[in-house]
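Because the structure is predicted, anything quoted here is derived from the model rather than measured.
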Amino acid sequence: MAYFLKKTNLKKGLYLQIYESFYDPVKKNTAHRSFCSLGYLDDLIRSGITDPISHYSQEVKQLNAEKKSKKLADELKVIDDSPIRYLGYFPIKNILDGLAVSKHIDLLQFNRSFKFSLYDIMEALIYSRCVKPCSKYKTFHEVLPYLYGISPDFSYDQLLSALALLGNEYEKIVEIFTSRVSSRYGTSTSTTYFDCTNFYFEIDKENAFQKKGPSKENKTDPIIGLGLLLDADLIPIGMNLYPGNQSEKPVLRNVITALKQQNNINGRTVQVADKGLNCAANIYAARKNKDGYIFSKSVKTLSEKELKWVLNENNVYTSVFDSDNELKYKYTTAVDSFKYEFTDTDGKKKSFTVKEKRILTFNPSLCEKHRYELRKMLEKAKNLKACHAKKSEYGESSKYVKFLSSDKNGNATDEKIIVEINMKKYEKDYALAGFNMLVTSEIAMDNEEIYNVYHNLWRIEQSFRIMKSELDARPVFCQNENTIKGHFLICYLSVLLTRILEFKVLKNKICASKLYEFIHSYAVLKETDSRYINISSSTPTITYLAETFKLPLRNFYLTTEQIKMMLNQVI
């Protein structure tokens with residue numbers, strides 16, 4: 001609802017009224033009604049008001065300001081009166097306190113005129129994102145006041161200013177956390193895992209940061225890319241944000257180079273990445289830095305010589321069985337010299353030869369799955385051909401269809417398009433179903449160890465899923481580039497602290513999804529100034545955490561001293 005000054009020209013002159021707008025539930029739109037009749041302009045001047053229009057315009061502004069203040073006060077009153085307080089974030093707070101990063105973070109605002117603590121806002125945003133992810137406005141008004149022990153002494157505008165600063169300096173903050181985690185828990189860079197994802201924005205126009213590119217979710221909206229680096233213990237140690245139209249392949253080189261420079265890492269590291277990051281330039285960079293690599297390689301893009309090896313029925317395989325003695329996968333290996341070529345950033349072509357081990361694996365269950373999907377696509381293509389469907393209707397099955405405008409002899413035809421089933425491509429894909437290849441510089445490493453190291457990449461995919469589901473990384477509800485970067489920094493730090501809890505503290509006994517269930521739901525209800533009631537449902541996770549941390553998490557009644565003990569322990 002809003003007030004405005006209405007001026008109506010009548011026979012007697014200009015007539016002034018204050019109107020208010022409101023929502024009409026019958027018409028289902030905004031309507032207006034008279035709030036106060038003021039009188040004719042001439043009469044008002046004769047009554048002593050020199051400039052009635054200016055005078056009552058100010059009065060309308062005052063009415064709108066009072067209305068807005070009352071609305072905000074009512075909202076805050078509802079929040080402040082609620083006795084519920086979220087407490088599930090306490091393990092995240094314990095880890096963050098133990099890292100002792102506050103003095104480093106606050107130094108970033110040393111030469112700025114901010115009248116608030118940057119660390120306090122960052123801390124509050126991390127806890128809020130873990131407990132109840134939502135927009136920054138809702139976070140400030142509907143989440144922060146519910147967090148036990150958090151009393152924000154900053155405004156909403158200050159929160160946004162801090163988020164922009166965090167985003168502008170996100171690389172430094174990632175460096176600070178990587179250094180502190182290494183000091184407290186240790187960081188193993190003997191093996192590093194890297195992958196990229198992207199996030200789409202429901203906006204029409206691109207800008208310098210949000211660009212249209214290949215989306216992981218098949219969206220056509222502008223996107224940004226996020227590269228994530230894990231150490232050998234699967235703890236995040238690096239993040240990079242980049243425009244969505246840029247290739248993700250150089251990001252691997254940039255992030256690992258920056259990590260080594262920032263942390264003075266001189267030792268050899270084995271880079272692990274999937275086929276999307278397997279390129280000659282990355283292999284060249286790894287060798288130049290005296291690093292190793294384990295990359296997957298698409299068998300569909302192999303040379304004819306390598307394809308013959310893959311499909312050779314005389315290959316000798318080693319079988320690997322699961323706990324039920326069922327065939328899990330089988331593999332064969334080959335060591336040879338392979339030539340690579342690429343064009344560097346200066347446009348110069350470079351070629352090099354490297355000795356590699358290639359591990360060819362065959363997974364029978366994956367083969368069955370892929371062949372089932374292939375048969376479905378072929379059947380769909382045949383049915384669409386029979387009913388003369390449009391090219392756009394074929395979808396993914398179009399990969400097994402040729403759309404020609406001439407006959408087999410190359411002669412022009414009267415038909416607009418000739419549709420042929422591409423059986424050669426189908427048969428090739430059918431024969432290669434279930435096969436995968438790993439390419440590695442680690443010739444002396446045990447074959448099954450290489451396989452197991454590579455398959456830890458699923459932890460990065462899991463970290464991306466945590467961002468997108470548990471932490472609701474999108475929609476972002478931010479427009480400025482720096483606030484967008486600040487938002488994803490908060491998501492990264494939330495994942496980092498959760499991973500430390502999962503792997504370093506709890507030794508992988510509780511999975512991330514169960515931890516977030518606890519963080520989201522563990523809450524208390526204020527009964528008196530010194531006693532709270534635990535309103536959380538009992539779960540195996542709560543039982544395990546209570547026994548591990550020796551805390552009264554299962555108690556029905558909790559005193560303020562017991563809650564302080566939860567919040568202030570260092571783990």
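Tested against Phe488 for a ring pair (Phe, Tyr, Trp, His ring centres under 6.0 Å), the candidates Phe464, Phe199, Tyr242 yield a single pass: Phe199. Exactly one residue among Arg499, Arg459, Lys504 makes a salt bridge (charged side-chain N to carboxylate O under 4.0 Å, His left out) with Asp233. That residue is Lys504.
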Practice item. Any chance you could lay out the ring pair (Phe, Tyr, Trp, His ring centres under 6.0 Å) test for Phe116 and Phe154, step after step, and finish with the verdict? Key: CA-CA 7 Å; Phe116 53 82; Phe154 47 84; 7.5 Å; no
Exercise for review: Go through Tyr170 and Met239 one step at a time and tell me if the side-chain contact (heavy atoms from CB on, under 4.5 Å) criterion holds.
Suggested key: CA-CA 9 Å; Tyr170 86 91; Met239 178 188 74; 3.4 Å; yes
Practice item. Determine, stepwise, if the pair Asn447 / Lys357 fulfils side-chain contact (heavy atoms from CB on, under 4.5 Å). Key: CA-CA 9 Å; Asn447 297 321; Lys357 178 192 286 187; 2.9 Å; yes
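With contacts defined as side-chain heavy-atom distances shorter than 4.5 Å, the pair Thr541/Glu517 does not qualify. Between Ile235 and Phe503 there is a side-chain heavy-atom pair separated by less than 4.5 Å.
Ion pairing between Lys216 and Glu248 holds under the 4.0 Å rule for side-chain N and carboxylate O. Taking 4.0 Å as the cut-off between side-chain N and carboxylate O, Lys369 and Glu373 count as a salt-bridged pair.
Of the possible polar contacts, one joining the Thr440 side chain to the Tyr293 backbone as a donor-acceptor pair under 3.5 Å is found. No donor-acceptor pair under 3.5 Å is formed between the side chain of Arg474 and the backbone N or O of Lys468.
Geometric assessment of Lys485 against the ring of Phe209 yields a positive cation-pi assignment under the 6.0 Å and 45° thresholds. A cation-pi arrangement is present between Lys330 and Tyr317 under the rule of less than 6.0 angstrom and at most 45 degrees off the ring axis.
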Would you list the atom pairs, donor with acceptor, under 3.5 Å between side chains in residues 527-536 and any protein atom, with sequence neighbours excluded?
residue: Glu527; atom: OE1; partner: Arg531; partner atom: NE; Å: 2.7
residue: Glu527; atom: OE1; partner: Arg531; partner atom: NH2; Å: 2.9
residue: Glu527; atom: OE2; partner: Arg531; partner atom: NH2; Å: 3.4
residue: Thr528; atom: OG1; partner: Ser530; partner atom: N; Å: 3.3
residue: Thr528; atom: OG1; partner: Arg531; partner atom: N; Å: 3.1
residue: Asn534; atom: OD1; partner: Ser536; partner atom: N; Å: 3.0
residue: Asn534; atom: OD1; partner: Ser536; partner atom: OG; Å: 3.3
residue: Asn534; atom: ND2; partner: Tyr522; partner atom: OH; Å: 3.4
residue: Asn534; atom: ND2; partner: Leu553; partner atom: O; Å: 2.8
residue: Asn534; atom: ND2; partner: Asn555; partner atom: O; Å: 3.1
residue: Ser536; atom: OG; partner: Ser521; partner atom: O; Å: 3.4
residue: Ser536; atom: OG; partner: Ala523; partner atom: N; Å: 2.9
residue: Ser536; atom: OG; partner: Ala523; partner atom: O; Å: 3.4

